[in-house]
K.L.:
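Below is the structure I would like to discuss, written out as C-alpha cells.
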2 protein chains.
Amino acid sequence: MKKSITIKDIAKKLNISTATVSRALRGSSEISKETKSAVMKIAKEMHYHPNLLARSLINKTSKVLGVVVPTINRQFWSNSISGIESVAYKKGYKVMIFQSAESYQKEVEIVEILANSMVDGILIAFSKETQDYAHIEDLRERGIPVLLFERVCESLPLSKVITDDFFGAKCIVNHLIERGKNRIAYIGGPLSLPVCMERFRGYQSALLENKISFDQDLVIEISDFDADFSSNAFKNLWHSGNRPDAVFCFADILALGVLAASKELGIKVPKDLAIAGFGNDDITKYVSPSISTMAQPSFEIGQLAAKLILKEINFEEEDEFVFRTEIIKPNLIARESS
Amino acid sequence: MKKSITIKDIAKKLNISTATVSRALRGSSEISKETKSAVMKIAKEMHYHPNLLARSLINKTSKVLGVVVPTINRQFWSNSISGIESVAYKKGYKVMIFQSAESYQKEVEIVEILANSMVDGILIAFSKETQDYAHIEDLRERGIPVLLFERVCESLPLSKVITDDFFGAKCIVNHLIERGKNRIAYIGGPLSLPVCMERFRGYQSALLENKISFDQDLVIEISDFDADFSSNAFKNLWHSGNRPDAVFCFADILALGVLAASKELGIKVPKDLAIAGFGNDDITKYVSPSISTMAQPSFEIGQLAAKLILKEINFEEEDEFVFRTEIIKPNLIARESS
DNA sequence: TTGTACGCGTTATCAA
DNA sequence: TTGATAACGCGTACAA
C-alpha cells in the first residue's frame, strides 16, 4: 500500500496552509491566480488525487446511489441497472450494486451495509421473500431517500416506478383471444408476489370481459423463473389431457421454456398453441415471431427511477417533496406468424 | 439530513471514553463484559450504526471493488458482474459498477473516480476504443490492484481472466465443417479488438486445417454488436450472390440477427444455412437448436476474476504475488437439428 | 480494563 | 487573499 499524496504534502512543499491548497484546488474565487496555478502545478507534479471518502465525511454526501435487485443476470434487472447507472453517471453519481438473490435475509444485510456506507439514496426491488418492511422504515428514520421499483410495496410512502402489469397482462391475453384462442393457460410465479398477482388479475380480467370461463386447472404456479420449470410444468399440463390452445407466461424466459417443450412434443406453434409472455422484445423479434411479447421498458424504468430519486435527494425544500408513483405501460409486440 | 448517532453520543451517555466504546463495539477482548454489554445495549437503543467511510479512512481499505464494463445490459457482462458480486459479497466486499459505453474517454474518467474512492481493487474489461493504457499504469503506480477480464491487454503485467477464443472459434467452425459446410462466412467486430482477432484466427485455422480455401469476401466486419447490423450485413452478403452455406458469428446476438434475416429471406436453417456463434447457451437451448453455440462461462469468469483480485488484495507478502492469466475454455453446445 | 490524544484527508469557520 | 483550528466519525498507541 503506497502512501498517497495529500493536500498536506503539497501545502508543505509550497509553505502555505492546507486550507489554501484545498481552496485553490477547487478553484475558489478568493484565491490569487498565482497561488492557484502554483498549487495546480505542484499537484500535477506530485500526482495528487483528492480522497473522495474524506470529502464525503465532511460534506455528508457521498454521491453514491445504492441499488438492490434480486439478481443481476436477468435481462430485466441488468437493463434497469444499466438505465440507473447511465443517468446517475451523468449527474456525477456512482452506483453500488447488490443482489439479494431473492433472500429476505440478504436483502436486510445489504440495506444495512448500504446505509452505513453513507449512500445518498437507495433504489430497491424487493426479493420474492420480502414481506416485512422494517428495514425500509429504518432507512426513512435515518433520513435516507429510498425509491422502490418494479417489486414494490404499495403501502410504503415512497416514490415508486412500476410496470402496468394489469394492463399489460390483460392486453396480451386479449390479443390471444382475438386470435381465436379460448383455452388459455397461465404459467407464472407465486401469487403472493404483487407483480404476479397483477398479471394474474389482468389475465382473469381479459377472460371475464370476453366471457371465457376461468379454469383453475389451467393456472400453474411455479416457484422459480426458470425455463426448465415452465417447460416441465407445461409438459405435465399437456399430458394431463386438459390441453390449452394458448399459454400466457409471466416472463419471457418461461415462454422460451414452453416453446422448447412444445417443439419437443411436436406441437405446432402458434397454430395449435399460441405463446405469449412478458419480457423484452428480443424474443419476438429474433427468436420466434410466434411468441408475442409484452415488452417491458426496463432500461427506461431504471432511468426514471434514478431521475426520481436524484430529484428527491437534491430537493431544496425537503418537506414539500411529494412521492410519485410512475406506472409505465409495456408495449405489445406481436407479429403475424408465418 | 438527520444527525446520525456516533460513538461519541453513546460514550457521553455512559460517561466513558469513545475509545472504550469503539473497542466494546467490536468485541475487543480487553473490555469487561459489563461495559461491553452496557455499550451494546445503549448502541441498540440509540440506533447506532457505524460509519463505514470513516472506518475506511483509518483502515485504508474500503472493502469495495470497482468494476468497469463496456455495458451492463448485455448478457455476457451482466453475468460476469453477477459472478463478481456473488463472490465479493461472500468475502465482505461491496461492488461499484460503471459502464464505459465503449468510450475510452469515459473509461479513463471512471478509473479516476474509482481510484479516488479508495476502492481496494479494480476489475476492468476494456472498451472497444481503448488503445492506450496510461490510466491503468497510473493505478499500478498508486498501488491499486487491477485485474483485467475478457477485454484485456496482453502486455500489461496484471492478472487476467479470459475466454479461450481461438480454441472456441476453431472448435465451432470445425463443427460446421463436420456437418459438411465449406463456404463459411464470418460476421464479427473490428479486428483491432484482440477478442475479435482471436476468434477470427480460430476461424481461419479451422479452415486451413481442413484445406478449405479462405475467401475474404465471406468475412464481414461490423462496427456494433447489434442484431440489426448482422441482419443487414448478412442480407447484403446473400444478395451479392456470393452465398455462404454457414455463418460463424462473433456473438450470439449477431447470430440471432442472421437467423431473423434468413427467415425473412426464406432460407432453410440449418439445411441451407448453418448458423453458429459465441454466446450463452440459452440460444441453442431455447431459441433455435439449429444455432450452435459456443457457450462462454461468463458467470464463472466473473467469479474467478473476483477470487483472483481478492487473493491479490489480501496477499501477505505483496512482493511475491504472481500475476496469473486464466484462460477459460468455452463449451460447444450443438444439438442435432430437426 | 479504561482513558488520553492523535491521526486518517478533507473542508468550513473564523480571524488575520 | 490567506492561515490556524476545529470538525467529520472512527481506531489505536500509549499511558494510567
Side-chain angles (χ1 to χ4, degrees), chain A residues 1-40 42-43 46-64 113 115-120 142-143, chain B residues 1-40 42-43 46-64 113 115-120 142-143:
Chain A
M1 181 66 64
K2 264 198 178 169
K3 190 205 164 298
S4 49
I5 309 297
T6 74
I7 50 172
K8 259 185 211 167
D9 299 315
I10 115 161
K12 211 166 286 173
K13 194 122 188 169
L14 287 170
N15 272 321
I16 56 178
S17 76
T18 59
T20 309
V21 175
S22 172
R23 282 184 276 236
L25 246 17
R26 274 163 314 126
S28 164
S29 58
E30 45 180 342
I31 298 287
S32 74
K33 300 226 152 139
E34 300 83 50
T35 33
K36 239 186 220 173
S37 57
V39 167
M40 292 301 196
I42 298 292
M46 299 181 76
H47 296 287
Y48 167 79
H49 299 275
N51 184 319
L52 263 29
L53 291 202
R55 200 172 272 178
S56 300
L57 206 53
I58 286 198
N59 295 340
K60 294 192 168 309
T61 162
S62 60
K63 294 278 189 177
V64 174
I113 292 175
N116 296 349
S117 299
M118 286 185 69
V119 292
D120 292 347
R142 293 223 247 163
Chain B
M1 182 64 67
K2 267 201 178 165
K3 189 203 166 297
S4 47
I5 309 297
T6 74
I7 50 172
K8 253 186 218 166
D9 299 315
I10 115 162
K12 211 166 288 173
K13 194 119 189 171
L14 286 170
N15 272 323
I16 55 176
S17 75
T18 59
T20 309
V21 176
S22 171
R23 281 183 277 237
L25 245 17
R26 270 164 316 120
S28 166
S29 58
E30 45 180 342
I31 298 287
S32 74
K33 300 230 152 133
E34 299 82 51
T35 33
K36 241 187 219 173
S37 57
V39 167
M40 292 302 194
I42 298 292
M46 300 182 75
H47 296 288
Y48 167 80
H49 299 275
N51 184 319
L52 264 28
L53 290 203
R55 201 172 270 178
S56 300
L57 208 53
I58 289 194
N59 295 340
K60 293 188 166 311
T61 163
S62 61
K63 295 280 190 174
V64 173
I113 291 175
N116 297 349
S117 299
M118 287 186 69
V119 292
D120 291 347
R142 293 223 246 164

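Note that the coordinates shown come from a computational prediction; the quantities given were computed from them, not determined experimentally. Numbered from 1 within each chain, the chains take letters A, B, ... in sequence-line order. Hydrogens, waters and symmetry mates are skipped; everything else that's a heavy atom, side chains included, is used.
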K.L.:
Between B/K36 and B/S28, is there a donor-acceptor pair closer than 3.5 Å when you use the side chain of the first and the backbone of the second?
P.N.:
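At least one qualifying donor-acceptor pair exists.
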K.L.:
Is a side-chain donor or acceptor of A/S17 paired with a backbone partner of A/T20 at a separation under 3.5 angstrom?
P.N.:
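A pair under 3.5 Å: yes.
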K.L.:
Looking at side-chain heavy atoms only, is the closest gap between B/L14 and B/V21 below 4.5 Å?
P.N.:
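SC-SC contact between B/L14 and B/V21 ruled out.
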K.L.:
Walk me through it: do B/N51 and A/M118 pass the test side-chain contact (heavy atoms from CB on, under 4.5 Å)?
P.N.:
CA-CA 7 Å; B/N51 184 319; A/M118 286 185 69; 3.2 Å; yes
K.L.:
Does B/K60 make a side-chain N or O approach to OP1 or OP2 of C/dG9 shorter than 4.0 Å?
P.N.:
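Looking at the OP1 and OP2 atoms of C/dG9, one of them is under 4.0 Å from a side-chain N or O of B/K60.
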K.L.:
Both B/E30 and B/I58 contact DNA chain D. Which one's nearest nucleotide lies toward the 5' end?
P.N.:
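Going by which nucleotide is closer to the 5' end, it is B/I58.
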K.L.:
If you find the nucleotide of DNA chain C closest to A/P50 and the one closest to B/S29, which residue's nucleotide is nearer the 5' end?
P.N.:
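So the residue in question is B/S29.
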K.L.:
Are the side chain of A/K63 and the backbone of A/S56 linked by a donor-acceptor contact shorter than 3.5 Å?
P.N.:
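Here the side-chain-to-backbone pair does not exist.
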K.L.:
I need the CD1-C1' distance between A/I5 and C/dG9, as an integer number of Å.
P.N.:
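Result: 13 Å.
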K.L.:
Within this structure, what is the CG-to-P distance between A/D9 and C/dG9, rounded to whole angstrom?
P.N.:
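To the nearest whole Å, that distance equals 8 Å.
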K.L.:
Can you tell me how far C1' of C/dC8 sits from NE2 of A/H49, to the nearest Å?
P.N.:
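Taking atom C1' of C/dC8 as the reference, NE2 of A/H49 is at 18 Å.
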K.L.:
Looking at B/Y48 and B/I5, what are the two nearest heavy atoms and their distance?
P.N.:
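Minimum heavy-atom contact is CD1-O, 3.4 Å.
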K.L.:
Reading DNA chain D in the 5' to 3' direction, which nucleotide is the first one with an atom under 4.0 Å from a heavy atom of chain B, and which is the last?
P.N.:
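First-to-last contact on DNA chain D, by the 4.0 Å heavy-atom rule, is D/dC8 to D/dA13.
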K.L.:
Nearest whole angstrom, please: distance from the P of C/dG9 to the NZ of A/K12.
P.N.:
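Answer to the nearest Å: 11 Å.
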K.L.:
Quick one: label A/T35 by what it contacts on the DNA or RNA (base, sugar-phosphate, nothing), any heavy atom closer than 4.0 Å.
P.N.:
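Touches sugar-phosphate only.
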K.L.:
Is there a residue in residues 17-25 of chain A whose heavy atoms reach under 4.0 Å of DNA chain C, and which residues are they?
P.N.:
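Going residue by residue through residues 17-25 of chain A, the ones with a heavy atom under 4.0 Å of DNA chain C turn out to be A/A19, A/S22, A/R23.
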K.L.:
Starting from the C-alpha separation in whole Å, work towards a yes-or-no answer on side-chain contact (heavy atoms from CB on, under 4.5 Å) for A/N116 and A/R142.
P.N.:
CA-CA 10 Å; A/N116 296 349; A/R142 293 223 247 163; 3.0 Å; yes
K.L.:
Across the strands shown, which category fits B/I16 at heavy-atom distances under 4.0 angstrom: base, sugar-phosphate, nothing?
P.N.:
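The answer is sugar-phosphate, as B/I16 gets under 4.0 Å only of primed atoms, P, OP1 or OP2.
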K.L.:
Would you mind telling me which of C/dT2, C/dG9, C/dA12 lies closest to the side-chain atoms of A/L57?
P.N.:
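Out of C/dT2, C/dG9, C/dA12, the nucleotide with an atom closest to A/L57's side chain is C/dG9.
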K.L.:
Take atom CG of B/N51 and atom P of C/dT10, then tell me their distance rounded to the nearest Å.
P.N.:
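Atom CG in B/N51 sits about 17 Å away from atom P in C/dT10.
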K.L.:
Test side-chain contact (heavy atoms from CB on, under 4.5 Å) on B/K3 and B/D9; report intermediate values, then the result.
P.N.:
CA-CA 11 Å; B/K3 189 203 166 297; B/D9 299 315; 3.2 Å; yes
K.L.:
NZ of A/K3 versus P of C/dG7: gap in Å, rounded?
P.N.:
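One finds 13 Å between P of C/dG7 and NZ of A/K3, rounded.
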K.L.:
To the nearest Å, how far apart are B/K8 NZ and C/dA5 P?
P.N.:
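Rounded to the whole Å, the gap is 15 Å.
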K.L.:
Take atom CD1 of B/I7 and atom P of C/dG7, then tell me their distance rounded to the nearest Å.
P.N.:
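Distance, rounded to whole Å: 17 Å.
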K.L.:
Return the CG to OG1 distance between B/D120 and B/T61, rounded to the nearest 0.5 Å.
P.N.:
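The distance works out to 3.5 Å.
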